[in-house]
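Right, one structure below, let's go through it.
All values below were derived from every heavy atom in this structure, side-chain atoms included, with hydrogens, water molecules and symmetry-related copies excluded. Below, chains carry the letters A, B, ... as their sequence lines are ordered, and counting in each starts from 1.
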Amino acid sequence: MPRRYWLFKSEPNAYSYDDLLRDGVAEWDGVRNFQARNTLRDDIQEGDGVLFYHSNEKPLSVIGTAIVVRSGYPDHTAWDPGSDHSDPKSTPDNPTWYMVDIKAEYRFPTPVPLEQLKTMPELAEMVLLQKGSRLSVQPVTELEWNAVVALGKQSG
DNA sequence: GCCAACGTTGGC
DNA sequence: GCCAACGTTGGC
């Protein structure tokens with residue numbers, strides 16, 4: 001199967017790209033949206049590429065890439081009563097929520113701001129840029145991936 | 001801090 | 001199964 005591409009949003013005050021660099025591998029837990037869950041469980045494969053997006057805190061930008069090192073498996077924080085994301089309806093025998101593991105791959109010399117993405121005609125269809133899109137795990141086309149990575153590689 | 005957009009919940 | 005109310009997301 002060809003490599004596929006995704007975009008993960010994270011609020012950097014909750015979990016930043018630097019946190020990912022520090023941790024090496026991160027469990028992408030706590031996703032509690034069914035559409036994003038389906039993507040995590042069914043679609044994301046080891047080796048896929050992830051654009052790491054910082055939301056909610058300026059500068060809003062894609063700050064680097066990550067690589068998926070483990071495909072979807074049950075999110076154990078759902079049945080951890082101490083977790084912020086605990087969900088008593090999800091159990092080890094019948095998990096509701098899924099996660100993947102990712103590893104930092106490439107920190108852009110130049111983070112790519114949301115404002116810049118909006119100016120690029122070839123990115124007009126990007127899920128991130130659709131009005132009202134709140135998906136925290138979303139697909140990215142190969143063309144979109146290549147365009148964003150090219151911008152991030154530029155210096156200055 | 002505001003609020004539009006969206007997903008979820010729950011009464012009926 | 002509808003839909004109003006509510007909570008959350010996330011750009012502005």
Side-chain angles (χ1 to χ4, degrees), chain A residues 4-23 26-44 48-66 68 71-102 104-141 143-152 154:
Chain A
R4 289 191 282 188
Y5 304 100
W6 313 95
L7 181 144
F8 288 8
K9 292 179 188 170
S10 188
E11 300 185 25
N13 62 351
Y15 198 83
S16 70
Y17 194 81
D18 286 339
D19 292 330
L20 182 62
L21 285 170
R22 178 200 63 209
D23 293 343
E27 296 182 336
W28 207 252
D29 61 23
V31 174
R32 298 290 180 266
N33 167 282
F34 286 103
Q35 191 175 348
R37 184 282 308 271
N38 292 346
T39 301
L40 290 168
R41 184 189 60 191
D42 303 333
D43 300 330
I44 300 183
D48 285 356
V50 173
L51 296 175
F52 198 103
Y53 177 74
H54 277 178
S55 69
N56 250 323
E57 199 170 277
K58 294 199 171 178
L60 302 168
S61 54
V62 179
I63 193 162
T65 69
V68 176
S71 61
Y73 64 104
D75 180 348
H76 56 75
T77 67
W79 50 82
D80 173 1
S83 167
D84 291 343
H85 313 295
S86 70
D87 177 0
K89 293 194 289 292
S90 184
T91 65
D93 286 343
N94 190 18
T96 307
W97 305 112
Y98 281 73
M99 62 186 179
V100 301
D101 290 354
I102 64 172
E105 187 177 48
Y106 177 59
R107 191 189 219 286
F108 291 159
T110 314
V112 183
L114 179 63
E115 286 300 314
Q116 187 176 12
L117 298 178
K118 287 179 180 174
T119 67
M120 314 238 349
E122 66 265 47
L123 299 181
E125 303 298 317
M126 205 174 169
V127 176
L128 182 70
L129 303 182
Q130 302 316 303
K131 187 178 180 187
S133 170
R134 304 187 327 190
L135 260 186
S136 63
V137 172
Q138 54 182 248
V140 171
T141 67
L143 184 148
E144 291 162 353
W145 169 273
N146 288 336
V148 173
V149 170
L151 290 170
Q154 293 171 6

Taking atom [atom2] of [N] as reference, at what distance in whole Å does atom [atom1] of [X] sit?
X: A:Trp97; N: B:dG7; atom1: CH2; atom2: P; result: 13 Å
X: A:Asn33; N: B:dC6; atom1: CG; atom2: P; result: 13 Å
X: A:Asp84; N: C:dT8; atom1: CG; atom2: C1'; result: 15 Å
X: A:Gln116; N: C:dG11; atom1: CD; atom2: C1'; result: 18 Å
X: A:Phe34; N: B:dC6; atom1: CZ; atom2: P; result: 19 Å
X: A:Glu11; N: C:dT8; atom1: CD; atom2: P; result: 12 Å
X: A:Glu115; N: C:dC12; atom1: CD; atom2: P; result: 6 Å

Does the A:Lys89 side chain pair with the main chain of A:Thr96, one donor and one acceptor, at a distance under 3.5 Å?
no
Nearest of C:dG10, C:dC12, B:dG7 to any side-chain atom of A:Ser55?
C:dG10
Nucleotide nearest A:Gln35 (side chain, heavy atoms from C-beta), chosen from B:dG7, C:dG10, C:dG11:
B:dG7
Under a plain distance cut-off of 3.5 Å, with no hydrogens placed, do [Y] and [X] share a side-chain donor-acceptor pair?
X: A:Thr91; Y: A:Asn94; answer: no
X: A:Thr65; Y: A:Glu105; answer: yes
X: A:Asp75; Y: A:Thr77; answer: yes

Should the pair A:Arg37-A:Asp42 be classified as a salt bridge under the 4.0 Å nitrogen-to-oxygen rule?
no
Is there a side-chain polar atom (N or O) of A:Tyr53 under 4.0 Å from OP1 or OP2 of C:dG11?
yes
Under 30°, 30 to 60°, or over 60°: which ring-plane class applies to A:Tyr17 and A:Phe52, parallel, tilted or perpendicular?
perpendicular
Contact class for A:Glu57 vs. all strands (heavy atom < 4.0 Å): base, sugar-phosphate, or nothing?
nothing
Heavy atoms within less than 4.0 Å of DNA chain B: which residues of residues 118-139 of chain A have one? Give them sorted by number.
A:Lys131, A:Gly132, A:Arg134
